[in-house]
Each structure stands twice: as C-alpha cells, then as structure tokens.
K.L.:
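Input: one structure, supplied below.
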There are 2 protein chains.
Amino acid sequence: MVNIRDVAKYCGVSAMTVSRALNNSGQISKETKERILKACEELGYRPNFAARSLVTKKTNMIGLIIPDITNQYYSQVSKGVSSYLSLHGYGLLLCNSDRKKEEEKRYLNFLSEGRVDGIIIFPVKPKKEDYEGILKEIPLVMADNYVDGLNANFVGNDNYHGASEIIRHMVKQGFKKIGVILGPTSSSASNERLRAYKDVLAENNIEYLSDIVLESDATFDDGFNLAKVLIEKGVDSIFAINDTVALGVIKYCYLNNINIPYDIGIAGYDNIQQSSMLPVPLTTVDQNGSRMGKVVAETMLNLLTGGAIISKKIILKPQLVIRKSLRES
Amino acid sequence: MVNIRDVAKYCGVSAMTVSRALNNSGQISKETKERILKACEELGYRPNFAARSLVTKKTNMIGLIIPDITNQYYSQVSKGVSSYLSLHGYGLLLCNSDRKKEEEKRYLNFLSEGRVDGIIIFPVKPKKEDYEGILKEIPLVMADNYVDGLNANFVGNDNYHGASEIIRHMVKQGFKKIGVILGPTSSSASNERLRAYKDVLAENNIEYLSDIVLESDATFDDGFNLAKVLIEKGVDSIFAINDTVALGVIKYCYLNNINIPYDIGIAGYDNIQQSSMLPVPLTTVDQNGSRMGKVVAETMLNLLTGGAIISKKIILKPQLVIRKSLRES
DNA sequence: GTGAAAGCGCTAACAA
DNA sequence: TTGTTAGCGCTTTCAC
C-alpha cells in the first residue's frame with residue numbers, strides 16, 4: 001500500500017506538502033498541488049483512514065442503531081440517513097439491534113471505541129440509565145422513543161396527534177368497540193398512542209375496556225395471533241400499532257373469511273408502501289420515515305459542527321391517510 | 001478520553017501488559033490480567049479503534065454496497081449480512097448506491113481508504129473495468145450480477161432456474177402471450193431470466209415477440225407505467241422482474257378494474273413479505289434474501305481468515321412459490 | 001511474565 | 001510556500 005511519504009518522495013516534496021494538497025489546508029502553490037494530485041492518481045494513493053482519524057479524532061462515520069432493517073419504516077429511515085450523510089461526506093455504520101436490548105448494548109459498546117463521530121439510536125424499551133454513560137462520551141441523537149430526564153437530543157413523531165386523528169376517524173366511521181394492539185409498554189410511542197386512544201374515547205363517551213387493549217412486540221406474527229384474541233372478544237375494529245402488525249391482522253381476517261371493512265375495521269400506522277395495494281387499502285398514519293431519517297441525520301451533523309441547534313427536541317407531525325379499511329366516508 | 005497508558009499507570013504496569021490483558025495475547029498472570037480488566041471497567045477505558053487498526057491493519061468492518069435498502073430483498077440481505085457479521089465481531093458499513101453508478105464508485109472510493117477489511121457488493125450495471133482496480137486492493141465479494149472475466153468471488157441466485165420454473169408454470173396455466181418487464185440490460189440476473197423465458201417458450205412452440213419484452217429500472221413506478229403499455233399490446237399475463245415491479249403492475253390493474261388472474265395473470269420474483277397478503281396472492285420466486293446475506297458474509301469472512309473457500313462461485317437455488325395470481329391449478 | 005523501544009500513516013504546530 | 005519535529009494510541013519485536 002502506497003503511503004503519503006511515497007507520494008512525497010515521488011514528487012520531491014515533503015509529506016506535509018502532500019497532506020496540504022490533499023486537504024486544501026494551508027497555503028500551497030497551485031502547480032505543486034496539481035502535480036501532487038496527479039501523482040496520487042498515478043500511484044493509486046489512498047489516504048489511510050485509521051492514521052488520519054487517529055490524529056484528527058474524526059472518523060466521518062455515524063452509527064445508526066435501529067430495531068429492524070426489514071421493517072419498511074426503518075429501511076426508509078436508513079435511506080434518509082444514508083442519503084443525507086453521503087451528501088455531506090459521511091459514512092453510515094448500520095447496527096440492527098433486532099429489537100434486543102443486549103444487541104443494542106453490544107453495538108453501543110462497539111461504536112464507543114471511536115468508530116464513529118456520533119450515534120443515532122432508535123432505542124428498544126429505553127431506560128435512562130442505559131444511555132447516561134454513553135452520552136458523556138459521544139454525541140447522541142435519540143429518536144422515536146423519548147427517554148424522560150435524559151439530556152439528549154431527540155427527534156420524535158407526534159404520536160399523540162397521529163393516533164388522535166385516526167381514532168377520531170374510527171369513531172366518526174361508527175366504530176365503537178375498538179381493539180388495540182400496542183407495542184411494548186416501555187415504548188413511549190406506544191404509550192402516547194394509547195393516551196390518545198383513551199382521550200378520544202372519553203371525548204366521545206365511549207367506555208375504555210382494558211381487556212381489548214393488548215401489548216405486543218409489534219411484529220407481523222403478533223398481529224396475526226392477537227387478531228384472533230381480539231376478534232373473539234367481539235371488537236368491531238382494530239387499531240394496530242403499525243402497518244406490519246395490521247398486515248398480520250389482515251392476514252388473519254383473510255384466512256378466516258372475515259370481511260374488511262364490514263365485519264371489522266382496520267387501522268394501521270406508518271403507511272408502508274404496500275398499505276395502498278392491499279385488497280382493501282389500509283387507512284393509516286404516515287410518519288414519513290425518509291423525512292425522519294433526514295432530520296435525525298441533520299441534527300447529528302449540526303451537533304458535530306457545533307452549528308446552531310434550533311431545538312433539542314424536534315417533533316414531526318405525521319399525517320392521516322384515509323383509505324378503505326375503515327369503510328368509505 | 002482515557003487511554004492504555006492511563007490504565008497502565010493506574011495499575012502500576014506497562015502499557016504492553018495492559019494490551020496483553022485486553023487481547024489475550026502472550027503470557028500474562030491471571031491475577032494481573034484480572035486486576036487490569038477491573039481497572040479498565042473502573043476507568044471506563046475503551047480501546048481506540050483508529051490506533052489499533054493503524055497497527056494491526058484490521059478494522060473488523062465490512063462494507064456492503066446495495067442498490068436500494070428500501071427494497072425488501074435488499075433489506076433482508078442486509079439483515080442477513082448484519083447478523084452474521086455481528087456474530088463474528090464485525091461491523092457493517094452500509095452503502096446505499098441508489099442504483100446509481102456514480103454513487104457506487106464514490107462508495108468504492110470511500111471504502112478503499114482502509115475503512116473496511118472487505119467489500120460485499122450488489123452491483124448496478126456492472127462492467128469488468130469498474131472493479132479490476134479495487135479487486136487488487138481489498139477482498140471483494142460480488143453478488144447477484146455476475147461480471148464475466150472478473151476473478152472475484154461471486155455468490156448468485158440461479159436466475160435461469162427460477163425463471164424457467166415460473167414461466168413453465170405460466171405456460172401450464174394456459175398463458176400464451178406472456179409480457180415481460182425486465183431490469184436493465186446490463187443486469188445479468190435480468191438477462192438470465194430472459195434467456196429462460198425464451199427457452200421455455202421455444203420448448204412449448206410459442207413464438208417469441210420482442211415487443212412485449214420491455215426493459216426497465218425495476219422500480220414500482222416502472223411496473224405501474226409499463227403495465228399499461230403491455231396490456232394495450234394485448235398480453236394475457238405479465239412476468240415482472242421482481243415483486244416490487246409486480247406490485248406496480250397490480251396497482252395499475254386495481255385502478256383500472258382489470259381482474260387478476262382472470263383478465264391477466266401476474267408473476268413476480270423475490271417473494272417479499274407482502275406478496276402473500278395481496279388481494280390475490282402473488283405467485284413468485286423466493287430468493288431468500290436473508291440466506292443470501294448470510295452466505296455472502298460467510299464467504300467474505302472465509303476470504304479474510306484465509307479459510308478454505310469451497311468455491312469461488314456459489315449459486316443458490318431459488319424456489320417457486322405458487323399462489324393465486326396465475327389462477328388456481 | 002513483563003517492559004522498553006520503535007513505528008504504523010498521518011497532521012498540528014512551529015520554523016524557515 | 002514549504003519543511004521539520006513531534007505525537008495521536010496502540011501493538012510488534014526483542015530484551016530481560
């Protein structure tokens with residue numbers, strides 16, 4: 001592997017001059033610069049990342065920890081992050097926590113060896129103490145699940161708003177016994193949506209029944225399995241914590257000849273691409289993962305460059321997407 | 001940031017001894033080792049990645065270049081790669097080329113600064129000369145699109161086999177004028193499937209009509225737009241290069257009240273999760289992205305550890321998944 | 001079983 | 001405008 005000194009020797013200059021040519025730093029005559037750049041081409045010189053980052057203390061890398069890359073919301077987030085970073089000369093170190101706390105911890109450890117300049121995390125069942133240590137060591141942006149009392153930058157979706165909108169729509173469509181499939185209790189997103197659910201029921205004088213509000217790990221299989229439970233309890237509709245769960249519910253209905261939306265109404269959350277192409281298109285809430293990705297990456301880079309941070313807490317407004325799974329209006 | 005010398009001083013030993021304790025290398029008494037490890041805990045010491053990799057010339061990082069992370073096949077591949085790497089102490093540097101050649105090149109450059117120990121690439125419109133240079137510098141595993149004459153490790157899906165199976169099934173179901181939406185001409189996957197298409201038609205004495213075989217960039221929108229073109233040409237069925245394209249076709253049919261499978265038969269490729277949950281479930285070919293991810297990562301690590309490589313060219317067999325979009329058997 | 005010296009490839013700071 | 005020196009934090013080599 002050819003190094004900076006080989007180039008220097010080849011050009012009859014010092015290593016420092018080559019470094020300057022490559023980094024546009026300091027004063028350097030146009031001719032020598034061009035000569036050096038040409039030599040780098042010819043010799044196939046590539047600056048050594050480790051050496052550079054050892055001295056500059058910068059990696060131009062950002063770590064992204066997400067629960068599940070095969071979930072479309074997160075893949076959109078990843079794409080948004082990736083595009084924004086790439087545009088600004090940064091690389092992405094992707095960590096798929098698989099919704100496991102231990103994996104998340106392992107990755108946090110892995111990243112904290114100085115592999116990245118900052119960490120963006122979409123945490124699973126977050127607790128304050130999990131992130132207090134790392135927060136002192138490396139810039140951190142948290143997303144989706146707010147951790148109370150943690151002085152970290154946060155970008156969230158307005159879950160209360162999104163859920164209120166869709167539940168209100170459900171009530172307006174005439175549904176009265178609305179079953180819910182939540183995410184884990186430690187998920188603030190899930191809790192906010194539950195709060196909205198309760199408030200909208202109260203607004204409409206509908207009794208809250210805790211036995212038709214179920215907790216889950218927010219997977220497709222959970223949707224499939226819990227649909228059975230809820231339907232046996234006589235709900236007239238189901239609000240799923242995300243579209244993937246809703247797809248599980250829909251699969252159950254499909255296999256059991258339960259008509260959507262007349263036997264049962266279904267509402268999702270996320271607006272994944274396929275939601276619009278179902279037998280009965282899914283009414284859902286669009287969180288715009290790609291926008292989230294961009295914003296979270298932008299926040300990170302602002303943090304790194306010390307640029308003005310408008311707010312330590314950014315809340316994005318999701319949008320209700322009305323389709324046919326809650327009957328026609 | 002606390003470094004190895006701080007730990008050494010704290011323990012009253014040399015930096016070297018600390019290094020040994022951390023790496024299980026060389027001889028070291030059990031007591032000192034434990035004492036040092038405990039001190040590392042206490043001081044919150046984290047080994048510096050850059051310094052370590054500067055001397056060892058290892059990063060424990062693998063770069064993955066894929067066309068589009070929001071495509072489910074690639075997100076499954078990514079998950080497969082990620083899990084396997086994580087299991088073996090490696091990290092994943094994800095590069096989303098966005099199906100753009102220039103992005104791919106930029107990433108290749110970025111990675112070749114010694115940021116990773118090896119590169120796994122799912123190339124877009126690959127040409128031999130694009131990879132000859134990089135191949136000399138860093139271990140490379142190519143996937144999906146074979147590049148003729150390039151002496152690189154390759155993992156592919158048997159596209160000829162997969163396409164033959166599904167086209168044969170189409171013919172058996174009575175379809176005679178089968179329109180095709182291909183990927184780019186430079187994609188060997190696409191070309192192999194086209195070859196299978198031609199061979200199966202010939203086998204069955206069906207004339208090959210080049211005007212119902214269209215090229216595309218393999219996106220959802222391409223499926224939607226080209227469906228119109230093909231249907232106006234009077235095809236009785238469409239074989240889409242992937243499920244995403246097929247979903248585009250299905251959306252077109254849905255919006256135009258064209259009945260699947262009676263007005264038109266649809267076949268996809270990839271078996272993404274949602275294919276089974278469509279109004280009319282999609283007959284497709286399962287490439288098992290997660291298995292592909294695992295195999296490609298395994299090949300990479302074998303390459304790095306110099307372990308026996310069974311073959312430089314691994315071909316995985318995909319599986320025909322029969323559902324209802326080509327009528328019931 | 002442990003330590004001292006050297007150096008990985010680069011850039012910051014200062015000197016010329 | 002260019003060069004010299006030093007050192008980033010670690011491991012390799014060799015000596016004890």
Side-chain angles (χ1 to χ4, degrees), chain A residues 1-37 39-40 43-61 89 109-117 137-138, chain B residues 1-37 39-40 43-61 89 109-117 137-138:
Chain A
M1 207 62 276
V2 30
N3 68 24
I4 202 169
R5 256 175 305 207
D6 298 328
V7 178
K9 212 169 287 173
Y10 183 83
C11 292
V13 296
S14 74
M16 202 48 234
T17 306
V18 177
S19 173
R20 277 193 270 254
L22 290 166
N23 296 292
N24 302 311
S25 61
Q27 309 287 53
I28 183 167
S29 81
K30 212 178 160 192
E31 307 142 64
T32 35
K33 183 172 168 182
E34 274 167 12
R35 192 157 51 90
I36 289 168
L37 260 26
C40 289
L43 300 176
Y45 168 75
R46 305 260 62 220
N48 182 290
F49 163 66
R52 185 178 270 180
S53 103
L54 180 57
V55 38
T56 61
K57 267 105 183 65
K58 293 244 321 149
T59 58
N60 283 294
M61 284 286 189
N109 254 292
F110 186 72
L111 295 179
S112 72
E113 292 178 342
R115 301 183 114 92
V116 294
D117 295 336
E137 301 195 349
I138 187 166
Chain B
M1 208 62 277
V2 31
N3 68 25
I4 201 169
R5 255 174 305 204
D6 298 328
V7 179
K9 213 169 285 172
Y10 184 85
C11 292
V13 296
S14 73
M16 201 46 238
T17 306
V18 177
S19 174
R20 277 192 269 254
L22 291 166
N23 296 291
N24 302 312
S25 60
Q27 309 286 56
I28 183 170
S29 81
K30 213 178 160 191
E31 308 141 63
T32 35
K33 183 171 168 180
E34 274 168 12
R35 192 158 49 91
I36 289 168
L37 261 26
C40 289
L43 300 175
Y45 168 74
R46 306 260 62 220
N48 182 290
F49 163 66
R52 184 178 271 180
S53 103
L54 181 57
V55 35
T56 60
K57 267 103 183 68
K58 292 244 323 148
T59 59
N60 284 293
M61 284 284 189
N109 254 293
F110 186 73
L111 295 178
S112 72
E113 293 177 343
R115 300 184 114 92
V116 294
D117 295 337
E137 301 194 349
I138 186 167

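Order of the sequence lines fixes the chain letters, A, B, ..., with proteins taken first and strands second; residue numbering starts at 1 for each chain.
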K.L.:
Send over the distance from A:N24 CG to C:dA12 P, rounded to a whole Å.
P.N.:
13 Å
K.L.:
So which of residues 28-35 of chain A are in contact with DNA chain D, with a heavy-atom cut-off of under 4.0 Å?
P.N.:
A:I28, A:S29, A:T32
K.L.:
Return whichever of A:M1 or B:T17 has its heavy-atom-nearest nucleotide of DNA chain C closer to the 5' end.
P.N.:
B:T17
K.L.:
Do the side chain of B:R52 and the main chain of B:P47 share a donor and acceptor less than 3.5 angstrom apart?
P.N.:
no
K.L.:
How close or far is atom C1' of D:dG9 from atom CZ of A:R115, stated in whole angstroms?
P.N.:
15 Å
K.L.:
Round to the nearest Å and state the distance from B:N48 atom CG to C:dG9 atom P.
P.N.:
17 Å
K.L.:
Whole Å only: how far is the CG atom of A:L22 from the P atom of C:dG9?
P.N.:
15 Å
K.L.:
In terms of the nearest nucleotide of DNA chain C, which residue is placed more toward the 5' end: B:Q27 or A:R46?
P.N.:
B:Q27
K.L.:
Does a distance-only test, which skips hydrogens and angles, find a donor-acceptor pair under 3.5 Å between the side chain of A:R20 and the base of D:dG3?
P.N.:
yes
K.L.:
Rounded to the nearest 0.5 Å, what separates atom CG in B:L43 from atom CG in B:D6?
P.N.:
7.5 Å
K.L.:
For A:K58, does the NZ atom have more than 12 heavy-atom neighbours from other residues, nucleotides or ligands under 6.0 Å away?
P.N.:
yes
K.L.:
Any heavy-atom pair between the side chains of A:E34 and A:K30 that's under 4.5 Å?
P.N.:
yes
K.L.:
Find the distance between CZ (B:R115) and OG (A:S53) and round it off to the nearest 0.5 Å.
P.N.:
8.0 Å
K.L.:
C:dT2 phosphate, OP1 or OP2: any side-chain N/O from B:S14 under 4.0 angstrom?
P.N.:
no
K.L.:
How many angstroms lie between CG in A:L54 and CG in A:N48, if you round to the nearest 0.5 Å?
P.N.:
9.5 Å
K.L.:
Less than 4.5 Å apart, any side-chain heavy atom of B:V2 and any of B:R46?
P.N.:
no
K.L.:
Would you kindly give the NZ-to-C1' distance between A:K9 and D:dG3, to the nearest whole Å?
P.N.:
16 Å
K.L.:
Any N/O pairs under 3.5 Å between the protein and nucleotides 5-8 of chain D? List them or say none.
P.N.:
from, atom 1, to, atom 2, distance (Å)
D:dC8, O3', A:K57, NZ, 3.2

K.L.:
With B:L37 as reference, evaluate B:T32, B:L22, B:V18 under the side chain to side chain contact (heavy atoms under 4.5 Å, CB included) test and give the passing residue.
P.N.:
B:L22
K.L.:
Have a look at B:Y45 and say if it touches a base, only the backbone sugar-phosphate, or nothing, with a 4.0 Å heavy-atom cut-off.
P.N.:
sugar-phosphate
K.L.:
Distance check needed: C:dG9 P versus B:R52 CZ, whole Å only.
P.N.:
18 Å
K.L.:
Are the side chains of B:R20 and B:I36 in touch, meaning some heavy atoms are under 4.5 Å apart?
P.N.:
no
K.L.:
Roughly, in whole Å, what's the span from CD1 in A:I4 to P in C:dG9?
P.N.:
11 Å
